[in-house]
Amino acid sequence: WPLAVHYADSEQWTKALPLLELLVEGMPAGSDPEALAGAYQRIGQCAEALYDVDRALDAFQNAERLATPNLATLDGLARIHFKRRAYGEAEGYLQRIVQDHRADLSDDAFVDVSMRLGECARNLGDHARARTYLDRVIEAQPDNAAAIKQMFEVLEGHGDYADAVTFRRR
């Protein structure tokens, strides 16, 4: 395990992935579900870094199935679903991050999650929800250019031109 963890922590994905998979396959039946979930989470991380989205999704789902998902697993699932354009699923995982792990998130991480929630809602065509999420970001970081730009696009797309002009001036 230590070598596989070292490879994953040092982002040597091509070395870490086969080693982690070999270790998981060799775990005896009845192994600690938390440890197995952690291994699957690392496999998901490696596969995602190697652009193997399907393998990453399988691994993150295995981690979720085996134990109460941690922040890294939920975030991995959210990212993979977003990459697959499954915005509803991505939004659900991001909401779980906020509900279950808000205390663990730094202010910047919370802003990042809120931005991604806004993108999901916007891609799903729910302008009101997108605006709510983006309002969180702008409240926390009033000069966040990406949030202001995205809010402008949401307002303009929804036909709320008066507010869109206000955001455009920012």
Side-chain angles (χ1 to χ4, degrees), residues 8-11 13 16 34 37-38 40-170:
D9 288 347
S10 61
E11 298 182 3
W13 311 121
E34 292 287 333
Y40 275 117
Q41 185 270 317
R42 285 187 182 275
I43 289 170
Q45 178 186 18
C46 292
E48 181 183 7
L50 294 170
Y51 303 102
D52 191 342
V53 176
D54 293 332
R55 193 183 212 174
L57 180 61
D58 288 343
F60 285 127
Q61 286 175 331
N62 282 332
E64 179 186 31
R65 180 180 47 79
L66 287 164
T68 302
N70 62 20
L71 178 58
T73 298
L74 292 172
D75 195 46
L77 285 162
R79 286 190 314 271
I80 295 299
H81 282 295
F82 192 89
K83 288 175 183 177
R84 295 172 62 113
R85 294 190 168 106
Y87 302 115
E89 286 85 355
E91 185 179 19
Y93 284 111
L94 291 167
Q95 288 171 338
R96 284 180 62 190
I97 288 172
V98 172
Q99 289 171 341
D100 299 346
H101 298 281
R102 174 61 182 108
D104 302 326
L105 297 174
S106 67
D107 290 342
D108 286 341
F110 178 72
V111 164
D112 175 64
V113 169
S114 296
M115 281 289 293
R116 292 190 290 155
L117 280 163
E119 288 179 61
C120 289
R122 190 178 76 172
N123 285 322
L124 290 168
D126 190 332
H127 299 288
R129 213 165 59 240
R131 187 173 179 172
T132 299
Y133 294 136
L134 293 170
D135 277 338
R136 281 188 204 165
V137 175
I138 294 168
E139 182 180 318
Q141 295 180 348
D143 295 328
N144 186 313
I148 292 168
K149 179 179 184 262
Q150 201 172 118
M151 180 67 89
F152 172 75
E153 291 169 0
V154 166
L155 293 169
E156 186 179 55
H158 192 57
D160 193 348
Y161 298 108
D163 284 343
V165 169
T166 301
F167 276 95
R168 182 71 173 167
R169 289 184 181 149
R170 287 186 173 188

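These numbers come from the heavy atoms of this one structure, side chains and all, not from hydrogens, waters or symmetry mates.
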So with a 6.0 Å cut-off around NZ of K149, is the heavy-atom count from everything else above 12?
-> no
For a quick test of reading the model, state the closest non-hydrogen atom pair linking [X] to [Y] and the distance between them.
X    : Y    : result
H127 : V154 : O-CG1, 3.7 Å
I148 : P142 : CD1-O, 3.4 Å
A78  : A90  : O-CB, 3.5 Å
A67  : A37  : CB-CB, 3.8 Å
A130 : A121 : N-CB, 3.5 Å

Stepwise, does the salt bridge (charged side-chain N to carboxylate O under 4.0 Å, His left out) test hold for D9 with R42?
-> CA-CA 9 Å; D9 288 347; R42 285 187 182 275; 3.0 Å; yes
In sequence, state the C-alpha distance, the side-chain angles, and the governing distance for Y133 and R122, and then conclude on side chain to side chain contact (heavy atoms under 4.5 Å, CB included).
-> CA-CA 10 Å; Y133 294 136; R122 190 178 76 172; over 6 Å; no
Check whether the side chains of T73 and N70 place a donor and an acceptor atom closer than 3.5 Å, and report yes or no.
->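 A pair is found: one side chain offers a donor N or O, the other an acceptor, under 3.5 Å apart.
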Spacing of [X] atom [atom1] and [Y] atom [atom2] [to the nearest 0.5 Å]:
X    : Y    : atom1 : atom2 : value
L134 : R129 : CG    : CZ    : 12.0 Å
E153 : E156 : CD    : CD    : 8.0 Å
E64  : L57  : CD    : CG    : 9.5 Å
D52  : I43  : CG    : CD1   : 11.5 Å
E48  : D75  : CD    : CG    : 8.5 Å
R85  : C120 : CZ    : SG    : 12.5 Å

Stepwise, does the side chain to side chain contact (heavy atoms under 4.5 Å, CB included) test hold for R84 with E89?
-> CA-CA 10 Å; R84 295 172 62 113; E89 286 85 355; over 6 Å; no
For the pair Y93 and H81, name the ring-plane relationship: parallel under 30°, tilted 30 to 60°, perpendicular over 60°.
->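 Parallel.
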Option passing side-chain contact (heavy atoms from CB on, under 4.5 Å) with Q141 (candidates N144, I138, D143) =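 The passing option is N144.
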Evaluate side chain to side chain contact (heavy atoms under 4.5 Å, CB included) for D135 paired with M151, printing each intermediate quantity in order.
-> CA-CA 8 Å; D135 277 338; M151 180 67 89; 3.0 Å; yes
Report the C-alpha distance between D58 and R55 in whole Å, list the side-chain angles of each, state the deciding distance to 0.1 Å, and finish with yes or no for side chain to side chain contact (heavy atoms under 4.5 Å, CB included).
-> CA-CA 5 Å; D58 288 343; R55 193 183 212 174; 5.7 Å; no
Are side-chain heavy atoms of R136 and L117 found at a separation under 4.5 Å?
->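 R136 vs L117: side chains touch.
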Is the shortest heavy-atom distance from the side chain of L105 to the side chain of L71 under 4.5 Å?
->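 Touching, per the 4.5 Å side-chain cut-off.
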Return yes if some donor-acceptor pair links the side-chain N/O of N123 with the main-chain N/O of E119 below 3.5 Å, else return no.
-> yes
Hey, would you say the Y40 and F60 ring centroids sit under 6.0 Å apart?
->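 Judged by ring-centre distance (under 6.0 Å), Y40 and F60 do not meet the cut-off.
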